[in-house]
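See below for the structure under consideration.
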Amino acid sequence: MVLAPATPFGLVVGLAISESEMPAWLGQVGSFAVFAGAAQLTMVTLAGVSAWWAVVLAAMVINLRHVMYSVAVAPAFTRQPAWMRFIAPTVLIDQQFALVSQRLDHDPAAFRTYYLWAGGTLLVGWQFMTLAGIVVGPTIPTDWRLGFAPAVMFCGLVVIGVKDAANAVAAIVGLTVGLVAIDLRDRLGIVVGAVAGVTAGYLADLLIDRRGAGASVSTSAVQS
Amino acid sequence: MRTSEALLIVSVVAVVTYAFRAGGIVLLADRGLPAPVARAMRHVGPAVLAALVASIAAVGPDGSTGVGVAEVAALVATAAVARWRSNLLVGLVAGMITLWVCMALI
């Protein structure tokens, strides 16, 4: 279940590695060392085409959202041992964040077990998927649009994960701004959409609170 | 491309990516987040994942940008089924089948 949505993406990355100017074995090493689908895809696509520093810069821009993930999950690590804090970041990818962000308030031991199980499964599974992509990827028809599967998965996660109106505002604004900014270089639209969505969600939260407080004051005034 | 250059790229991207992911966890876990930041972080999931949906859905297999009817139908089907059943896998299946059916019909 954890791996199902990431499988097509892994195959696509593996296929891109097989077509890259980067040695295939090194692309596979990147699956373990970098472990970030979109950044890997950019890295292997641009390798040999752009300057090395431009490839690194593009991958960094794409992975900027991981800073937000790290800050968002930080409260759950307050009661985690030091070793966990240093190991956990290696698997903090999109799917992992989506899975664990709904369990941040769980018991520390239960959270740790779930985090390591999900992250380990994703990390090991990703190695097999990209390897399979390198080997059999070129035989899969592009008409199947397997590269679209991650969008479907993230869409499902957003819809299931939205808890209130302010969350919904964050998602709608993130989606809309992400679409408007789609032509920005190096998929910078992801970061722009994310920042806009978080800001909108935060403002919506404040607005809803203020209206709630206003309504309480009015009710008290009427009752007295 | 030289192997040493490819190795340099993979190494630097790996180190920087780890630093991005570790920054918040290692530096902020003991300090806690200021209330406004904690409140904003509550929206990171929906906002980032929605922006990722846009980034994947609006870029075609050939790299061209734009959203097609089949893609929109697939996302709507996913959203409706996933919300209705509260099940990600069922939503994923519904979305991909909708995409393939729409692509066959259009």
Which region of [X], side chain (C-beta onward) or backbone (N, CA, C, O), has a non-hydrogen atom less than 4.5 Å from a non-hydrogen atom of chain B, or is it both or neither?
X: A/Thr78; answer: both
X: A/Met22; answer: both
X: A/Arg65; answer: side chain
X: A/Leu203; answer: neither
X: A/Ala59; answer: side chain
X: A/Ala168; answer: neither
X: A/Phe32; answer: neither

Can you tell me which portion of [X] sits under 4.5 Å from chain A's heavy atoms? Options are side chain, backbone, both or neither.
X: B/Val15; result: neither
X: B/Val16; result: side chain
X: B/Ser86; result: backbone
X: B/Leu7; result: both
X: B/Arg42; result: both
X: B/Ile9; result: both

Taking side chain to side chain contact (heavy atoms under 4.5 Å, CB included) as the test, write out the residues that go with A/Val169, two or more places apart.
A/Val173, A/Ala200, A/Ala204
Would you please name every residue forming a side chain to side chain contact (heavy atoms under 4.5 Å, CB included) with A/Leu15, sequence neighbours left out?
A/Ser18, A/Glu19, A/Pro138
For the [atom1] atom of [X] and the [atom2] atom of [Y], what is their distance to the nearest 0.5 Å?
X: B/Ile56; Y: A/Ile182; atom1: CD1; atom2: CD1; value: 9.5 Å
X: B/Leu52; Y: A/Ile190; atom1: CG; atom2: CD1; value: 5.0 Å
X: A/Phe35; Y: B/Thr17; atom1: CZ; atom2: OG1; value: 11.5 Å

Restricting to side chain to side chain donor-acceptor pair (under 3.5 Å), what partner residues turn up for A/Asp105, sequence neighbours left out?
none
Which residues in residues 97-106 of chain B have any heavy atom closer than 4.5 Å to a heavy atom of chain A?
B/Leu99, B/Trp100, B/Met103
Within the distance-only criterion (no hydrogens, no angle test), does the side chain of A/Arg85 pair as donor or acceptor with the backbone N or O of B/Val26 below 3.5 angstrom?
no
